[in-house]
Amino acid sequence: MLSILVIFLTLVLSKPVVGETQKAETPQAPQGMVSIPAGDFWMGRSHFFLIDEVGLNERDRRDDTPAHKVYVDGFYVDKYEVTNEEYARYVQATSGRSLWYWPGGKVAKGEERMPVHDVTWNEADAYCKSVDKRLPTEAEWERAARGGKEKEKFPWGDASIGLSGYDADLGGSAGADVKPAHVGYPWGPALVGSYPPNGYGLYDMIGNVWEWTNDWYDRDYYTVTPDRNPPGPATGQYKVIRGGGWSDDDERNLMNHYRNYTDPTAKAYTIGFRCAKSAARAQVAP
């Protein structure tokens, strides 16, 4: 009788509660990547600036509205921005062209873990494909950058960055407050991973270098975007870049939702990238 009761209780307690969210097993992320769970998130700007209220914000600066709920399948994304040493291995393997700022075609000593920059969209795309990855969509990038924080301005929340002064680890006085991201700095990028990660364990989603995404830019895309896995416009003139760079000193340009764009053939000291990869299975966000 006791054994029957134990079996009965085991079956009852193991039965899922009606309405309880069922979670798929979180897939193991490839080396150097982080698993981003499938689920909904609010994409775009959900707050207003004073200049919005008085009608002085130009239309191009409202391309991150309206905020809209988007579902994104689970995916993986690089924990860090692609570095000089990683890109140099790719150049060597493909007999590609060395970057202009590598003296004698070699990465300068001490800059191996700096984010690579001065690469076009096509070069970034080719690198990602060479390692069986791809550039993230704009929706994937913002989902990853938010780190699980909904409708907040930065990966760490709504607290201001604090753009005055320089970081303690980059020339500031000992014991000075360190910014949460490498921004507002006049002398170039920092080693990847020099600042705290976001809630997903990703580094430098804001600051250091702007990051190429896969999407073409359309100012009005948020008014027509699908609510599941938006792929971006089919065509366009410019590619979307996200995240802000080391030299940016306007907080509006450094927020999770901020959209920027440039010619896909452009090379800049402030633009780099990281790669993404689709996941067959991913955890459903609660």
Side-chain angles (χ1 to χ4, degrees), residues 21-43 70-90 93 112-116 119 121 123-150 152 154-157 180-182 189-215 228-232 240-243 256 272-286:
T21 301
Q22 298 300 301
K23 294 182 180 180
E25 182 182 352
T26 303
Q28 183 66 39
Q31 184 176 4
M33 304 190 84
V34 170
S35 179
I36 308 300
D40 298 309
F41 80 103
W42 282 95
M43 183 175 184
V70 169
Y71 176 88
V72 176
D73 287 337
F75 64 101
Y76 308 115
V77 66
D78 287 344
K79 182 182 293 187
Y80 306 106
E81 292 160 333
V82 174
T83 64
N84 280 319
E85 64 180 353
E86 290 170 326
Y87 198 78
R89 287 197 293 267
Y90 161 72
E112 295 87 353
R113 295 290 293 165
M114 290 283 193
V116 71
V119 293
W121 182 91
E123 289 169 338
D125 180 60
Y127 170 89
C128 290
K129 288 177 177 175
S130 76
V131 291
D132 194 28
K133 301 177 187 179
R134 56 176 173 77
L135 289 170
T137 66
E138 187 176 13
E140 287 175 334
W141 191 95
E142 186 169 326
R143 169 120 169 107
R146 289 185 176 278
K149 292 185 179 294
E150 291 286 336
E152 299 198 29
F154 304 103
W156 53 86
H182 186 54
L191 299 175
V192 299
S194 295
Y195 294 79
N198 71 3
Y200 286 146
L202 300 169
Y203 293 83
D204 305 311
M205 294 302 291
I206 298 298
N208 223 16
V209 289
W210 288 90
E211 298 179 12
W212 289 112
T213 72
N214 189 64
D215 290 22
R228 293 182 68 89
N229 300 311
V240 175
I241 54 175
R242 286 295 208 110
N256 292 322
F273 67 101
R274 75 179 72 213
C275 305
K277 186 180 179 73
S278 300
R281 295 184 303 160
Q283 182 180 4
V284 178

Before accepting this row, confirm whether a basic side-chain N of the pair Glu152/Arg146 lies closer than 4.0 Å to the acidic partner's carboxylate O. no
So do Tyr200 and Ile36 actually touch side chain to side chain, heavy atoms under 4.5 Å? yes
So do Met43 and Glu138 actually touch side chain to side chain, heavy atoms under 4.5 Å? yes
Would you say the side chain of Leu202 lies within less than 4.5 Å of the side chain of Pro197, judging by non-hydrogen atoms? no
Any non-hydrogen side-chain atom of Asn214 less than 4.5 Å from a side-chain atom of Trp141? no
Could you tell me if the side chain of Phe154 sits less than 4.5 Å from the side chain of Pro180, heavy atoms only? no
Close side-chain approach of Pro115 to Arg274, heavy-atom, < 4.5 Å: no
Got a salt bridge between Lys133 and Asp78, using NZ or NE/NH1/NH2 to carboxylate O under 4.0 Å? yes
Using the ring of each side chain (for Trp, its six-membered ring), is Tyr90 parallel, tilted or perpendicular to Tyr87, with breaks at 30° and 60°? tilted
Taking all atoms of both residues into account, what is the closest heavy-atom pair of Arg134 and Ser278, and its distance? NH2-OG, 3.0 Å
Taking C-beta and beyond as the side chain, do Phe41 and Val72 meet within less than 4.5 Å on heavy atoms? yes
Taking Arg242 first and then Glu140, would you say they form a salt bridge - that is, a charged N and a carboxylate O separated by under 4.0 Å? no
Sole candidate of Tyr127, Trp121, Trp212, Trp210 that passes ring-ring contact (aromatic ring centres under 6.0 Å, His included) when paired with Phe273: Tyr127
